[in-house]
Amino acid sequence: MEMEKGKVVVEKVRGKSTVIRSFSKYPLKFITPRKMGSSITDAVWIYSLTYGGGIVSGDSISVEFTIGDDCTAVLTTQSSTKVYKSLGSKCSEQVLEARIGSGALFVVIPDPVTCFSTARYSQKQVFRVVSDSSLVIVDWFTSGRHESGEKWDFELYRSSNCIFAEGNQPVFLDTVLLEQSSPVDIAERMHEYQVIAMVLIYGPKLKHVQDQVQENVKRLMSQQLQIPSTRLGCCAKTNSDNCLVRPAFIASCSAFGPKGMGVVVRVASTTTEAVYRFLHHQLAGMEPLLGVSPYS
């Protein structure tokens, strides 16, 4: 049985990007503030939240976004998306589909997903672009309430991101899958890292941001790798006395898509705060487009 879809449509109204239609189905709700940032910036911000503060077993959320030509829209959250425990084999599910028009910019910058003990969670995000669309995706998740011992204690986490150009041509296909039934449990595979993140920056409006991010990541990791392991006070160690010391924060960056129109950054960190700082710093160059600096 096909789930009922929420729908958000953004179009130009009197020269400004405006939400002209917004419908959501429980447990999802959208809030569009009347004013975000500078009034001279043409960007509409949309906040997504879930009733009860999270998603529970069996919840199925599906929403479709249409970003009209020359519009700028930002989708964000008010807090992390909490996924509560699974009953039997039920899986919480979220599906987002978006079409980004000519000259348009769509920015998806949520807080992280946090899966609690025994949770099963799957999300899929599909973006359809044209030759001059621009897109930013931040997709990240944390280990759970590790202060309470729930460290990578969920049963399943799966996140897929797909970008298709005109003619259904694939531009970017990516899936992260962590499942407790594998030969090595999730906590052992993740070592001391508590956060995994992906940042995707695509399209002509964001070339200056891409260039800056690539330079920043290259410089950051070059500096970090030059520090002797004995001086890495912010490191995660293995159990061995003669251990391999792992940096507390790792980032990599690579280009993708036709003519290298996109950049993807992958991050692993021992703290959520470090990723928030990283995202704020790397995406600060978008403030003139959005009116507010992401993760500020």
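The structure displayed is predicted, hence computed values, not measured ones.
Contact annotation: the side chain of Leu96 approaches that of Phe127 to within less than 4.5 Å [non-hydrogen atoms, C-beta and beyond]. Looking at Val267 and Leu279, their side chains never come closer than 4.5 Å, going by heavy atoms from C-beta outward. For the pair Cys253 and Lys218, the minimum side-chain heavy-atom distance is 4.5 Å or more. Under the 4.5 Å side-chain criterion, counting only non-hydrogen atoms from C-beta, Thr50 is not in contact with Thr81. Looking at Phe164 and Pro170, their side chains come closer than 4.5 Å, going by heavy atoms from C-beta outward. Side-chain contact between Thr272 and Val275: absent, with no pair of heavy atoms (C-beta onward) separated by less than 4.5 Å. A heavy-atom distance below 4.5 Å is not found between the side chains of Val10 and Phe65. When side chains are defined from C-beta on, Val265 does not count as touching Gln282, because their heavy atoms never get closer than 4.5 Å.
For the pair Glu64 and Lys5, the tightest heavy-atom approach, listed with the atom from each and the gap, is OE2-NZ, 3.7 Å. Contact record, Thr41 with Gly291: CG2-N, 3.4 Å, taken as the closest heavy-atom pair. The minimum heavy-atom distance between Ser17 and Cys71, with the atom names listed, is OG-CA, 3.3 Å. Here the closest non-hydrogen pair linking Ala255 and Gln214 is CB-NE2, 4.5 Å. In terms of heavy atoms, Val130 sits closest to Ser133 at N-OG, 2.9 Å. Trp45 and Leu290 get closest at one heavy-atom pair: NE1-O, 3.0 Å.
Atom CE of Met198 and atom OG of Ser252 lie 11.5 Å apart (nearest 0.5 Å). Of the inter-residue distances, the one linking Leu206 atom CG with Asp211 atom CG reads 11.0 Å to the nearest 0.5 angstrom. Between the CG atom in Leu289 and the NE2 atom in His208 there is a gap of 5.5 Å [rounded to 0.5 Å]. Taken to the nearest 0.5 Å, the OG1 atom of Thr66 stands 10.0 Å off from the CD atom of Glu97. Between the OG atom of Ser22 and the NZ atom of Lys7 there is a distance of 11.5 Å, given to the nearest 0.5 Å. Rounded to the nearest 0.5 Å, atoms NZ (Lys82) and OG (Ser92) are 14.0 Å apart.
Sorted by first and then second residue, the side-chain hydrogen bond (donor to acceptor under 3.5 Å, both in side chains) pairs involving residues 105-120 (not counting sequence neighbours) are Thr77-Asp111, Asp111-Tyr276, Thr114-Thr142, Ser117-Asp153.
When atom types are taken as modelled, the side chain of Tyr295 and the backbone of Pro110 share a donor-acceptor pair closer than 3.5 angstrom. With hydrogens and angles ignored, the 3.5 Å screen pairs a side-chain donor or acceptor of Ser134 with a backbone N or O of Lys205. Proximity of a side-chain donor or acceptor of Asp59 to a complementary backbone N or O of Val56 within less than 3.5 Å is detected. Judged by distance alone, with hydrogens and angles left aside, the side-chain atoms of Trp152 form a donor-acceptor pair with the main-chain N or O of Tyr193 at under 3.5 Å. Here the side chain of Thr18 pairs no donor or acceptor atom with the backbone of Ile20 at under 3.5 angstrom.
Applying the 6.0 Å contact sphere to NZ of Lys85 captures no more than 12 heavy atoms from other residues, nucleotides or ligands. Within 6.0 Å of atom CZ in Arg21, 12 or fewer heavy atoms from other residues, nucleotides or ligands are found, so the atom counts as exposed in its surroundings. The local environment of NZ in Lys16 is crowded, with over 12 non-hydrogen atoms from other residues, nucleotides or ligands closer than 6.0 Å.
Between Phe154 and Tyr121, a ring centre-to-centre spacing not shorter than 6.0 Å is recorded.
Residues Val126 and Val171 do not share a hydrophobic cluster, clusters being chains of Ile/Leu/Val/Met/Phe/Trp/Tyr side chains in contact below 4.5 Å. Note: the hydrophobic cluster containing Phe116 does not contain Leu178 (ILVMFWY, side chain heavy atoms under 4.5 Å, direct or indirect links). No chain of hydrophobic side-chain contacts below 4.5 Å, direct or via other Ile, Leu, Val, Met, Phe, Trp or Tyr residues, connects Val95 to Val9. The same ILVMFWY cluster, assembled from side-chain heavy atoms under 4.5 Å apart, contains both Phe30 and Val19. Tracing side-chain contacts under 4.5 Å through hydrophobic residues (I, L, V, M, F, W, Y), one reaches Val108 starting from Val176; they form part of the same cluster.
Just one of Ile61, Leu49, Ile55 meets the side-chain contact (heavy atoms from CB on, under 4.5 Å) condition when paired with Leu28; it is Ile61. Of the candidates Val199, Ile196, Ile250, Asp174, Asp174 is the only one forming a side-chain contact (heavy atoms from CB on, under 4.5 Å) with Arg266.
Between Phe256 and Tyr202, the angle of the ring planes stays under 30°, which puts this pair in the parallel group of the 30/60° scheme.
Side-chain contact, Asp132 with Ser102: a donor N or O sits under 3.5 Å from an acceptor N or O. Residues Thr72 and Asp42 bring no donor and acceptor atom of their side chains to less than 3.5 Å of each other.
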Exercise. For the pair Ser48 and Ile46, evaluate side-chain contact (heavy atoms from CB on, under 4.5 Å) and give the outcome as yes or no after the intermediate values.
Key: CA-CA 7 Å; Ser48 170; Ile46 304 159; 6.0 Å; no
Quiz item: Given the rule in the salt bridge (charged side-chain N to carboxylate O under 4.0 Å, His left out) test, do Glu192 and Lys151 qualify, once you have shown the distances and angles that lead to the verdict?
Solution: CA-CA 10 Å; Glu192 295 301 314; Lys151 178 183 172 185; 3.6 Å; yes
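Checked for salt-bridge contact, Arg158 and Glu93 miss the test: no charged N lies under 4.0 Å from a carboxylate O.
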